[in-house]
Amino acid sequence: MKVEKPEKYNHRSLVVGIYNKLFDEFGKQNWWPAETPFEVVVGALLTQQTKWQNVEEAIKNLKQRGLMDAESIASSDIELLEETIYCTGFYRQKAKRLKQISTFFSENKMEEVFSLPLDELRNTLLSLNGVGPETADSIILYAANRQKFVIDVYTKRIMKCLGIEGNYSQLQELFEKNLPDDVDVYKEYHALIVEYAKKYCVKKKCDICPLTGEFNGPDYL
DNA sequence: CACCAGGTTGACC
DNA sequence: GGTCAACATGGT
């Protein structure tokens, strides 16, 4: 799973170097162990601005009530959904969005949607209410199992500590242009960033971040 | 008590 | 393109 690091210093050595350092410290993450791709979609929506621990509880609740498939959620009462996912916060808008997304996937075969050309797939997901860039890319990467690098607030924070700032698409391009064509590397990388950030980058402090200092990323964006 | 958690939206400049 | 308040609960 390790990626060979190029010799001279450039964007690629930075992107690859960070990956290898995180992999050395945290190892394989094996992220997002869901029973079905649909469960990943549900998790991606519920985890917005929410701790994963609470999402797990909501997923457990949904399963207990037989609501872990698109058709069941699409036809279920909005108030029942609200009650079921209450623990994830923003429960009113999330219940509404969850129902809409489930309706979409009950009317469109998930397998076919996930086989669309990458850009088309992404735009389709983005057109759903409640699905922004990060959620769309999480679904593409972890549910559709296709190559899209997920940028989250932690990724932005870490890169900023290294002197690299950019908007979502700029950062995404930086990673995607410098990583090998390997979905598993994409999956592990994002998971590693989250684990790393939860340990070192809380409260926007860069001073205790071990990456800072090791990689002197100039401002390229 | 203040702040954060694996964001998105709609309004506005 | 960028910024900002809402959205809501539970934990530290």
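Every chain is numbered from 1, with letters handed out A, B, ... down the list of sequences.
A salt bridge between A:Lys148 and A:Glu176 is present, with a side-chain N of the basic residue lying under 4.0 Å from a carboxylate O of the acidic one. Using a cut-off of 4.0 Å between Lys/Arg side-chain N and Asp/Glu carboxylate O, A:Glu57 and A:Lys60 are scored as not salt-bridged.
You'll find the side chain of A:Glu134 stays beyond 4.5 Å of the side chain of A:Val153, heavy atoms only. Contact check for A:Trp32 versus A:Lys187: no side-chain heavy atoms found under the 4.5 Å cut-off. For the pair A:Trp52/A:Val194, no side-chain contact is recorded, criterion being any heavy-atom separation below 4.5 Å from C-beta on. Considering only heavy atoms from C-beta on, A:Glu25 comes within 4.5 Å of A:Tyr200 through its side chain.
The gap from the P atom of B:dT8 to that of C:dG10 amounts to 23 Å, rounded to the nearest Å. Nucleotides B:dC1 and C:dG11, compared at atom C1', are 13 Å apart to the nearest Å. Remark: the separation of the C1' atoms in C:dC7 and B:dC4 is 15 Å, to the nearest Å. For the P atom pair drawn from B:dC3 and C:dA5, the interatomic distance equals 14 Å after rounding to whole Å.
Note on A:Arg157: every side-chain N or O is 4.0 Å or more away from OP1 and OP2 of B:dG6. Taking 4.0 angstrom as the limit, A:Arg92 places a side-chain polar atom (N or O) nearer than this to OP1 or OP2 of C:dA8. Contact between the side-chain N/O atoms of A:Tyr91 and the OP1/OP2 oxygens of C:dA8 is not found at any separation under 4.0 Å. At B:dG6, none of the side-chain N or O atoms of A:Ser138 fall inside 4.0 Å of OP1 or OP2 (strictly under the cut-off).
Using cut-offs of 30° and 60° on the angle between ring planes, the pair A:Tyr91 and A:Tyr86 is tilted.
Atoms CG (A:Leu141) and P (B:dG6) sit 17 Å apart, rounded to a whole Å. When the C1' atom of B:dA5 is taken as reference, atom OH of A:Tyr154 falls 6 Å away, rounded to whole Å. Whole-Å rounding puts the A:Leu171 CG to C:dG1 P distance at 14 Å. Taking atom OH on A:Tyr168 and atom C1' on B:dG6, their separation rounds to 11 Å, with Å as the unit. Distance, A:Ile101 CD1 to B:dT8 P: 10 Å, rounded to whole Å. Between the OH atom of A:Tyr196 and the P atom of B:dG6 there is a distance of 16 Å, rounded to whole Å. Nucleotide B:dG7 holds its P atom 13 Å from the CD atom of A:Gln93, rounded to whole Å. Rounded to whole Å, the distance from NZ on A:Lys94 to P on B:dG6 is 11 Å.
More than 12 heavy atoms of other residues, nucleotides or ligands lie within 6.0 Å of CD in A:Gln64, so this atom counts as buried by the packing criterion.
A:Ile85 comes within 4.0 angstrom of no nucleic acid atom, judged by non-hydrogen atoms across all strands. Among the protein residues, A:Gly132 comes within range of the sugar-phosphate backbone only, with heavy atoms under 4.0 Å from sugar or phosphate atoms but none that close to a base. Within the 4.0 angstrom heavy-atom criterion, only backbone atoms of the sugar-phosphate kind lie near A:Val131; the bases stay farther away.
Within residues 45-58 of chain A, the residues approached by DNA chain B to less than 4.0 Å at the level of any non-hydrogen atom are A:Thr47, A:Gln48, A:Gln49, A:Thr50, A:Lys51, A:Trp52, in residue-number order.
Checking B:dT8, B:dG10, B:dG6 against the side-chain heavy atoms of A:Asn129 singles out B:dG10 as nearest. Here the side chain of A:Phe90 is nearest to one of B:dT9, C:dC7, C:dT9, namely C:dC7. Among the nucleotides B:dT9, B:dG6, C:dG1, the one closest to any side-chain atom of A:Asn167 is C:dG1.
Residue ring and nucleobase are stacked for A:Trp31 and B:dG6, with a centre distance beneath 5.5 angstrom and an angle between planes beneath 30°.
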